[in-house]
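These notes are about the structure you will find just below.
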2 protein chains.
Amino acid sequence: MTKHHVKGWQAIQDEVLRRIHAREWPPGHVIPNEVDLAQEFGCARATVNRALRALAEEGLLDRRRKAGTRVALHPVTRATVDISVIRQEIEERGQHYDYRLLACDAASPPAPVRATLGAGSSLHVTALHSGDGAPYVFEDRWISLKTTPDARSADFTGISANEWLLAHAPYTHGDIAFSAEAASAQDASLLNTAEGAPLFVVTRTTWDHDCAVTAVRLAYAPGYRIYTRIGAQSDSAG
Amino acid sequence: MTKHHVKGWQAIQDEVLRRIHAREWPPGHVIPNEVDLAQEFGCARATVNRALRALAEEGLLDRRRKAGTRVALHPVTRATVDISVIRQEIEERGQHYDYRLLACDAASPPAPVRATLGAGSSLHVTALHSGDGAPYVFEDRWISLKTTPDARSADFTGISANEWLLAHAPYTHGDIAFSAEAASAQDASLLNTAEGAPLFVVTRTTWDHDCAVTAVRLAYAPGYRIYTRIGAQSDSAG
DNA sequence: GAGTGGTCTAGACCACTGT
DNA sequence: CAGTGGTCTAGACCACTCC
């Protein structure tokens, strides 16, 4: 109930974080409501709301009307992975970007792809992205010509389908999967590794509203890893 | 300049999203300032701010004081991956969770781990988590006894180090890496697969302020994949 | 029904930064 | 310097949901 008169919503967030961290408010504990906290901190309720809402978005607090705010029981670690354009990704590593189109044909996609992309005619684009001359990632992509007819006349020799779509084909949502796969003969040949070598693979499908735009498999050369930081804030180790 | 009188900040967000999506505001375009938008939408500036701030946090907008707000040039795809306790992860798949402690010894960690965990004495804990009797993930963990001395007397036969730390050792931040590795002899034996099989591996280190708490390598059984959705909002395909 | 968070408002001042 | 976003306030009403 002491007045602290801290500086802003971040200071309030820090203090709440400290109490969670110090187990003054253990997991499951219902913390004081916004009005009380606002009084304690000597600020407006909106400021408290801003601080607590941010923590709730990170998964540290559970907030429900009437039930109040409680410290999350199972502090899920929420890792945010930024996925940029491949060219940018390579250049950010300080390497020279090189791109080579392997094939670009209208074709009927295999069943698993057809299931999401639809049965309409599709464009199959394969390409290899390299950094400083070393193969970096093999892009195997299907583009729905029904959703993106312009792709038929696009020239993917100068610009990768990855970037072309970014500039020409908006999407509303998508899904991504990360997995480990054994290199196929094609993977191995292109990525300059042995068949069966463990590859980090990203599979992505994007939609524009209800229409699938593109489905892509990105097979990265051995040694690739996605790295990210978690919690500038608090949690519990696990 | 038409007044729309929409419902709330989400409606404003939707409209902004629509304009980005429809290329009315193409990538790089500087959009009107908050005051103008507030007038157009017939709401308070704070409401516009709420909508635009949320979009900026998702990476769709770049906002800078004085420079204004512009549509992001390189809409990085920001995927959020939720990492929960392993037991919970397995149970959420509807499987029966089983856990077996393999070893728990005080030891000196290998150089790469020692580099982050420090040279102090550490506890080495290895365990296997299974779902419905099938091996799910092999946990290979080092715990700093300097940071978490209580771990020395903890009993990891009944509760995994994963969960014990969650309840006893708070952390402030950490880093995670996702990669693909070939199964070692130990991996293969425990995960019931062939040596050299591609495994999805998560490597995580967590700190409590400046003190490293624990470093863990999680090697998942073949077939494991992390799946997540991107953008309930808009972007561009890539 | 009543308590809690969710949101909105109208106005204000501050902080950063491009010109 | 001046324009823009960042934040705070004091108050209000609403929406959900537990009791």
Rounded distance (Å) that lies between atom P of dG6(C) and atom CD of Gln10(B): 12 Å
Value in whole Å for how far the P atom of dG5(C) lies from CG of Leu61(A): 11 Å
Glu89(A) side chain to Tyr136(A) side chain, donor-acceptor N/O pair below 3.5 angstrom: yes
Which nucleotide in dG5(C), dG18(C), dG6(D) has an atom nearest any side-chain atom of Arg65(B): dG6(D)
Whole angstrom value for the distance that separates P of dC8(D) from CD of Gln39(A): 19 Å
Presence of donor-acceptor pair under 3.5 Å, side chain of Arg45(B) and base of dG6(D): yes
Under 4.0 angstrom between Thr47(B) side-chain N/O and dT7(C) OP1 or OP2: no
Short side-chain N/O contact from Asn49(A) to OP1 or OP2 of dT7(C), under 4.0 Å: no
Nearest-Å distance for atom pair CG/C1', residues Asn33(B) and dG18(C): 15 Å
Lys66(A) or Arg53(B), whichever maps to the more 5' nucleotide of DNA chain D: Arg53(B)
Residue Arg63(B), side-chain heavy atoms: nucleotide from dG6(C), dA10(C), dG5(D) that is nearest: dG5(D)
Aromatic plane relationship, Tyr224(A) with Phe200(A) - under 30° parallel, 30 to 60° tilted, over 60° perpendicular: tilted
Residue whose nearest DNA chain C nucleotide is more 5′ - Ala46(A) or Gly68(A): Gly68(A)
Proximal nucleotide (of dC8(C), dG5(C), dG18(C)) relative to the Trp9(B) side chain: dC8(C)
Whole-Å gap separating P (dT4(D)) and CG (Leu52(B)): 14 Å
Short side-chain N/O contact to dC8(C) OP1/OP2 from Arg50(B), under 4.0 Å: no
Proximity to the side chain of Glu34(A) - top-ranked nucleotide from dA10(C), dG5(C), dG5(D): dG5(C)
Side-chain donor/acceptor of Thr116(A) to backbone N/O of Val113(A), under 3.5 Å: yes
OP1 or OP2 of dG5(D) under 4.0 Å from side-chain N/O of Thr69(B): yes
Of Pro32(A) and Ala67(B), the one whose closest DNA chain C nucleotide lies more 5': Pro32(A)
